[in-house]
Each structure stands twice: as C-alpha cells, then as structure tokens.
Amino acid sequence: MIQLEQVERVFQVGEEKVYALRQVDLTVQKGEYVSIMGPSGSGKSTLLNILGLLDRPDHGVYRLEGMDTTELSERRQAHVRRHKIGFIFQFFHLVPRLSAAENVELPLALAGIEHRRRKGRVAEALERLGLADRARHRPDQLSGGQRQRVAIARATIMKPAIILADEPTGNLDRVSGQDVIATIEELNRDGMTVVIVTHDPELGQRTNRQVRMLDGRIEDDCRGPS
C-alpha cells in the first residue's frame with residue numbers, strides 16, 4: 001500500500017540546510033492502523049505531508065499502491081490525492097460559509113460527480129456519522145466534535161484507500177475526542193488504512209502499530225496485537 005525508500009526532505013533556512021526527514025524507510029500494508037509519534041520537530045508532519053502528496057521528497061521514492069508518486073506531475077498527484085487519500089486535520093478546515101452537507105459534498109463536486117448522486121452519498125455519510133439533523137448547519141453552529149465528524153465525512157466521501165489524520169483529537173474535549181477516535185477506528189475495521197500523527201501516548205497505544213520519530217528518523221517501529 002505505502003512504501004517509502006530512503007526518503008529525505010531538506011529545507012533551506014538561511015545558509016543552513018535543515019533535514020526534516022533523513023533516510024526514512026517505511027512500509028504500511030493495506031488495512032493497517034498506524035500512529036506516528038515523536039516530539040515537535042521530529043518530522044511527523046513532514047512525513048504525513050509526503051504520504052498525502054502535499055509535499056515531495058528531495059531524495060528517495062514514495063510508492064502508493066505500487067505507483068511511484070515522485071515521478072507524477074502536479075496535476076496527476078492532485079488526481080491521486082483526491083481519489084485515494086482522505087485527510088482529517090486538528091482544526092477541521094471546513095469552509096465557514098458552507099453548510100455541513102455542502103462541506104461534505106465538496107470532494108464529489110471537484111471530482112465531477114453528477115449532482116443527484118452527490119446528494120444521495122452526502123445524506124448517507126451524514127446519517128452514518130449521526131449528523132443528519134445537522135446537515136444545514138454551518139460550522140460555527142456545530143460543536144467541536146460535530147465539526148470533526150463533518151470533516152471525517154468529507155475525508156471519506158470519496159471512499160479513499162487511506163485516511164491520514166493529523167492530531168485529530170487535539171482541538172477537542174476528552175469525550176468528543178473519544179467519539180471521533182471511535183469513528184476513525186470503525187473506518188479502519190471497515191478496511192481503510194489509517195495513519196495518525198499524534199502527541200497523545202494514550203491514542204498512540206490504541207493503534208496496532210506505533211512508529212516513533214526523532215530528528216527526522218524512525219527511531220522505533222513497534223507492532224502491537226492485531
């Protein structure tokens with residue numbers, strides 16, 4: 001599913017080169033539930049951005065379902081990202097002026113899916129996540145947990161193979177956070193590959209595999225019971 005080989009990412013800061021990732025090798029199989037942990041500046045977010053095709057490595061190869069993504073054009077990367085990868089962010093990134101339903105519908109509209117089919121899929125997604133009665137509400141009319149569930153519905157509406165979550169509970173209270181994680185874990189049980197970046201050791205321990213990073217390298221890769 002995911003295969004990184006000797007991936008490096010270097011940023012130029014003044015006259016100095018800063019290595020965000022150093023010779024990273026990582027393989028994630030279809031259906032895995034993986035957490036990426038480490039202190040700030042360890043390379044977690046840079047790694048997630050590369051996995052999500054939001055950034056390119058300076059060296060090395062990233063293969064997604066056997067396809068070398070590092071050789072793809074920007075347009076082709078955007079197509080792959082739209083159809084194969086779903087993103088869940090700490091701060092939701094919903095469009096403020098759109099309703100919950102319209103936010104969820106956005107990826108379908110961008111993919112050129114016919115209007116009638118879009119409406120049915122959006123209604124089904126909101127119903128599944130317990131948001132049917134919030135379909136017409138704007139983000140500022142929703143709780144934090146509800147906004148994150150709208151974001152999850154949007155991330156999964158294209159039925160991607162991979163979900164990438166960046167601190168998905170970081171902006172939520174404990175109860176809402178637990179509800180969101182239960183939703184993400186249900187998606188994993190349904191067959192989606194899930195990769196979560198988190199500072200929360202309790203959340204990290206819930207995953208079947210914990211990848212720990214330090215100074216741009218993978219320091220530890222521990223697999224727990226399935």
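- Within the 3.5 Å criterion, the main-chain N or O of Asp221 finds no donor-acceptor partner in the side chain of Arg212.
- Side-chain N or O atoms of Gln146 include one that pairs as donor or acceptor with a backbone N or O of Ser143 at under 3.5 Å.
- Scanning all heavy atoms of the two residues, the minimum distance from Ala153 to Val104 falls at CB-CG2, 3.7 Å.
- Alongside Val10, the hydrophobic cluster contains Tyr19 (criterion: ILVMFWY side chains under 4.5 Å).
- With hydrogens and angles ignored, the 3.5 Å screen pairs no side-chain donor or acceptor of Thr193 with any backbone N or O of Ile162.
- A salt bridge links Arg9 and Asp58; the closest N-O separation between the charged side-chain nitrogens and carboxylate oxygens is under 4.0 Å.
- Closest of all the heavy-atom pairs between Met158 and Ala111 is CE-CB, 3.7 Å.
- In terms of modelled atom types and a separation under 3.5 Å, the side chain of Arg149 and the main chain of Leu129 share a donor-acceptor contact.
- Judged as a ring-ring contact (aromatic ring centres under 6.0 Å, His included), not a single pair has a partner in residues 27-77 (not counting sequence neighbours).
- Note: Ile181 CD1 to Glu186 CD = 13.0 Å, rounded to the nearest 0.5 Å.
- For the residue pair Thr198 / Asp200, no side-chain donor-acceptor distance below 3.5 Å is found, with atom types taken as modelled.
- Taking Thr169 as the reference, nothing meets the side chain to side chain donor-acceptor pair (under 3.5 Å) condition, with sequence neighbours excluded.
- Taking the side chain as every heavy atom from C-beta outward, Thr70 and Pro57 approach each other to under 4.5 Å.
- The nearest pair of heavy atoms linking Ile88 to Gln148 is CG2-OE1, 3.5 Å.
- With sequence neighbours left out, the side chain to side chain donor-acceptor pair (under 3.5 Å) criterion links Thr69 to no other residue.
- Counting Ile, Leu, Val, Met, Phe, Trp and Tyr side chains that sit under 4.5 Å apart, directly or through other members, Val61 stands alone, with no cluster partners.
- Considering only residues two or more places apart in sequence or on other chains, Gln23 meets the side-chain contact (heavy atoms from CB on, under 4.5 Å) condition with Gln6, Glu8, Arg217.
- Checked by atom type and distance alone, the side chain of Thr156 never pairs as donor or acceptor with a backbone atom of Lys159 at under 3.5 Å.
- Sorted by first then second residue, the salt bridge (charged side-chain N to carboxylate O under 4.0 Å, His left out) pairs that include residues 95-106, not counting sequence neighbours, are Glu105-Arg118, Glu105-Lys119.
- Of all heavy-atom pairs between Pro160 and Ala155, the closest is CG-O, 3.4 Å.
- Surrounding CG of Asp215 are at most 12 heavy atoms belonging to other residues, nucleotides or ligands under 6.0 Å away.
- Connectivity analysis of hydrophobic side chains (ILVMFWY, heavy atoms under 4.5 Å, direct or indirect) links Met37 to nothing; its cluster partners are none.
- With no hydrogens or angles considered, a side-chain donor-acceptor pair links Ser176 and Asp173 at under 3.5 Å.
- A search for side-chain contact (heavy atoms from CB on, under 4.5 Å) contacts involving Ala101 returns Ser99, Val122, Leu126, Ala135, not counting sequence neighbours.
- Looking at Gln29, its side chain never comes within 3.5 Å of a backbone N or O of Glu32 through a donor-acceptor pair.
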With a cut-off of 3.5 Å and sequence neighbours excluded, list every side-chain donor-acceptor pair involving residues 80-87.
unit_1 : atom_1 : unit_2 : atom_2 : d
Arg81  : NH1    : Leu53  : O      : 2.5
Lys84  : NZ     : Glu65  : OE1    : 2.7

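- Hydrophobic cluster membership for Val95: Leu98, Leu106 (Ile, Leu, Val, Met, Phe, Trp, Tyr linked by side-chain heavy atoms under 4.5 Å, directly or transitively).
- Of all non-hydrogen atoms in Val180 and Gly145, the two that sit nearest each other are CG2-O, 4.3 Å.
- Going from atom CG of Leu131 over to atom CG of Asp133 covers 7.5 Å, rounded to the nearest 0.5 Å.
- Shown here for Thr27 and Arg209, the closest heavy-atom pair between the two residues is O-NH1, 2.7 Å.
- Proximity of a side-chain donor or acceptor of Asn171 to a complementary backbone N or O of Gly144 within less than 3.5 Å is not detected.
- Qualifying side-chain contact (heavy atoms from CB on, under 4.5 Å) partners for Arg136, counting only residues two or more places apart in sequence or in other chains: none.
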